[in-house]
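Taking it in order: structure first as structure tokens, then the write-up.
Heavy atoms only: backbone and side chains are in, while hydrogens, waters and symmetry mates are out. Letters A, B, ... are given to chains in the order of the sequence lines, protein chains preceding strands, and every chain is numbered from 1.
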2 protein chains.
Amino acid sequence: VQKRSEETKGKIIHAAATCFSKNGYDATGVSEICATAGVSKGAFYHHFESKQAVFLCLLEGWLAELERDLLALYQQDTPLPEILSRMTGSFQVIFDTAGDQLPMFLEFWIQAWRDPVVWSAAIKPYRRYQEIFAEMFKVGISEGSIKEDIDSKLAARTLVALAVGLLLEGLMDPDKGDWGKASAESVRLLVDGLKKG
Amino acid sequence: VQKRSEETKGKIIHAAATCFSKNGYDATGVSEICATAGVSKGAFYHHFESKQAVFLCLLEGWLAELERDLLALYQQDTPLPEILSRMTGSFQVIFDTAGDQLPMFLEFWIQAWRDPVVWSAAIKPYRRYQEIFAEMFKVGISEGSIKEDIDSKLAARTLVALAVGLLLEGLMDPDKGDWGKASAESVRLLVDGLKKG
């Protein structure tokens, strides 16, 4: 029973992702998600309180995946600038997966602006990435690859803001072929300025 | 007659800005704009083809103002890093004016994603700012304040992306008091890495 219940939950999440990205968040109803998933409304509400709850669950899943992918590139014996350069190599992949979902994300941000619950879910990953990169910059300073007078929190905040700006730019720009490369160059420009020697 | 016609146009634009920021772009109808402006639908359609046309006009106005404000800080005899530092000083002002209008901008981006006409209006200022800052970095290199091996276009693209990321972050973050200062620090971190000597 446990396994079947998990399967149903998975079907709902998958169906919601399909509906949101096809018709947008606002235009998608619970009925439509149920029809796409082939489950009853009773089953839906057994697993989720609302459409918003499914979205938050989807968002969490994506962010966990992204974090796993980024941290997989983190290796203790490699200098930080090199690690960051490898991470930006995965930008194009993120972009290729996220590209068609821009309207959904924007709708989600509108929701976040209007709803404190969604807002805290939207801001949490931001803070999380800022913390992760601040830790990395600290390591970079102590290993001697980053200048010692750099404020690791400021560097992390700046890197995250740059990544968000690049992502948004890439999503808006039709000339997607070069975006991954151009973004990696921008990150390298920032990191080069922080590098020691 | 010319003057009165311009007044009517101004009233419509002002009313549209009020309605969009209060109720959002999607939820605002031409009737509501007309009622708020105290003009007839005939007068509205004399000046604008559609609600979208008013939005584009508003956007153009804001961007022109922003460009004017930024360029006013540009003075030939001041080193570029100092000019950029002054420009980031005006971040808080931009933010204070734009803050409540985030949902409207996000709705506009959703439209842009779906509509090529809106898209090109949304991407144009991006390119324009990239060009302006690329020119400035060129001057910075030739005046000797920026390292000569810096690619001026890359530096401009990076600066614009960082500014957009910071703006989005600031709009999402409730802790608005420190945002202007924190953003200025991020821009300085990037620019310090490009500075000569």
Checklist entry - Who among B/Leu162, B/Val164, B/Asp26, B/Val160 has the most heavy-atom pairs with chain A under 4.5 Å? => result B/Leu162
Item to check | Contacting region of A/Ala182 [heavy-atom separation from chain B under 4.5 Å] | outcome: both
Checklist entry - Heavy atoms under 4.5 Å from chain A: which residues of residues 141-156 of chain B carry them? => result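 So far as heavy atoms go, B/Ile150, B/Leu154, B/Ala155 are the residues that approach chain A to under 4.5 Å.
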Item to check | Considering all heavy atoms, the nearest A/Ala161-B/Leu166 contact | outcome: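 The answer is CB-CD2, 3.6 Å.
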Next on the checklist: Contact between A/Leu194 and B/Leu189 at the side-chain level, heavy atoms closer than 4.5 Å - yes or no?
Outcome noted: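 Yes. Closest side-chain heavy atoms under 4.5 Å.
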Item to check | All pairs passing side chain to side chain donor-acceptor pair (under 3.5 Å) where residues 157-166 of chain A contributes a residue, at least two apart | outcome: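 Every side chain to side chain donor-acceptor pair (under 3.5 Å) pair that includes a residue of residues 157-166 of chain A, provided the two are not neighbours, is A/Arg157-B/Glu185, A/Thr158-B/Ser186.
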